[in-house]
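Worksheet for the structure shown next.
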Amino acid sequence: MSMPESSNPYAQQQPQQPPYGQPAPQGPYAPYPHAPVAMEMPRGVKHARIGLYVLGGLNVLGGVLMLAAAGVKGDVDGTSATQLYATGTVALVLSVVAFVVAAKFGSGGNGVRITGAVVGGLVLLNALVSLATGQLTGGPGLAIGALVMVGCLKKEAADWFNRPRS
């Protein structure tokens, strides 16, 4: 007399396929604890990185134009040459920071994420002040600053910048 299959402890069990979207079951051994995890940069982080590159390029352009205007004309529309030099220099420094932070998005840690969020916040604040004073030039800064800030503050960004590295 044969035993029913359900009570046979030596019967081969067929592996069950996981439902769609679920990870496949692992083998009997735990994965190597220090193995690098292949992870792709999240979409929001990519957008923040692109925003920082655009921000850097626009600040280079604006900084050079302000320095040129200060050198050629001196006072422009009630703005002194000293103010133009200072604003142009700040724009150029901010562009360097934006380029460096964007370049570090692939390999940097949590400090890069925080610096990116701070740069985005500064640009967003500057754009809001510009719009509040009636200058319509704050629109691009408003969009880019918000994009960078939100992209750096999401949970997926924190996971990306805190991931294990080899």
Side-chain angles (χ1 to χ4, degrees), residues 21-23 30-166:
Q22 301 267 332
Y32 183 67
H34 301 292
V37 177
M39 188 174 178
E40 183 179 340
M41 188 182 295
R43 181 181 298 176
V45 177
K46 285 180 185 177
H47 292 158
R49 184 183 205 180
I50 292 168
L52 282 169
Y53 280 126
V54 170
L55 178 69
L58 290 174
N59 277 334
V60 166
L61 181 65
V64 168
L65 287 175
M66 283 186 230
L67 292 176
V72 173
K73 294 187 178 182
D75 293 345
V76 177
D77 295 332
T79 305
S80 70
T82 306
Q83 289 173 325
L84 287 173
Y85 279 125
T87 306
T89 304
V90 169
L92 291 176
V93 168
L94 187 61
S95 69
V96 170
V97 170
F99 283 136
V100 169
V101 170
K104 290 286 192 177
F105 263 42
S107 62
N110 201 39
V112 173
R113 179 181 74 92
I114 292 170
T115 305
V118 168
V119 169
L122 288 174
V123 171
L124 183 63
L125 181 65
N126 185 33
L128 288 172
V129 169
S130 294
L131 289 174
T133 59
Q135 299 173 352
L136 297 178
T137 58
L142 185 70
I144 295 171
L147 175 80
V148 170
M149 195 168 163
V150 168
C152 289
L153 294 178
K154 283 184 167 181
K155 168 119 176 60
E156 63 186 13
D159 293 342
W160 169 256
F161 286 104
N162 291 324
R163 73 192 185 284
R165 293 173 183 77
S166 56

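For the single chain, residues carry numbers from 1 onward in sequence order. Side-chain atoms are counted along with the backbone in the values below, which use heavy atoms only and exclude waters and symmetry mates.
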Distance-only check: which donor-acceptor pairs under 3.5 Å involve side-chain atoms of residues 88-104, not counting sequence neighbours?
{"residue": "Thr89", "atom": "OG1", "partner": "Tyr85", "partner atom": "O", "Å": "2.7"}
{"residue": "Ser95", "atom": "OG", "partner": "Leu92", "partner atom": "O", "Å": "2.6"}

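- Listed by chain and residue number, nothing satisfies the side chain to side chain contact (heavy atoms under 4.5 Å, CB included) test with Pro140 (two or more places apart in sequence, or in another chain).
- Legend: side chain to side chain donor-acceptor pair (under 3.5 Å) pairs involving residues 116-136, not counting sequence neighbours: none detected.
- Contact between Ala81 and Ala70 at its shortest, heavy atoms only, is O-CB, 3.7 Å.
- Among residue pairs with one or both ends in residues 109-122, those qualifying as side chain to side chain donor-acceptor pair (under 3.5 Å) are Asn110-Arg113; sequence neighbours excluded.
- Sorted by first and then second residue, the pairs that involve residues 45-58 and meet side chain to side chain donor-acceptor pair (under 3.5 Å), not counting sequence neighbours, are Glu40-Lys46.
- The two atoms that bring Phe105 and Trp160 nearest to each other are O-NE1, 3.0 Å, heavy atoms only.
- Taking CG of Leu142 as the reference point, atom OG1 of Thr137 lies at 11.5 Å (rounded to 0.5 Å).
- The two residues Glu156 and Gly44 come nearest to each other via the heavy atoms OE2-N, 3.5 Å.
- For Leu153 against Ala117, the heavy-atom pair with the smallest separation is CD2-CB, 3.8 Å.
- Among residue pairs with one or both ends in residues 140-155, those qualifying as side chain to side chain donor-acceptor pair (under 3.5 Å) are Lys155-Asp159; sequence neighbours excluded.
- Minimum interatomic distance between Ala127 and Gly141 (heavy atoms only, all atoms of both residues): CB-C, 3.6 Å.
- In this structure, CG on Leu125 lies 9.5 Å from CE on Met149, to the nearest 0.5 angstrom.
- In this structure, Leu55 and Val148 have side chains that are not in contact, with every pair of non-hydrogen atoms separated by 4.5 Å or more.
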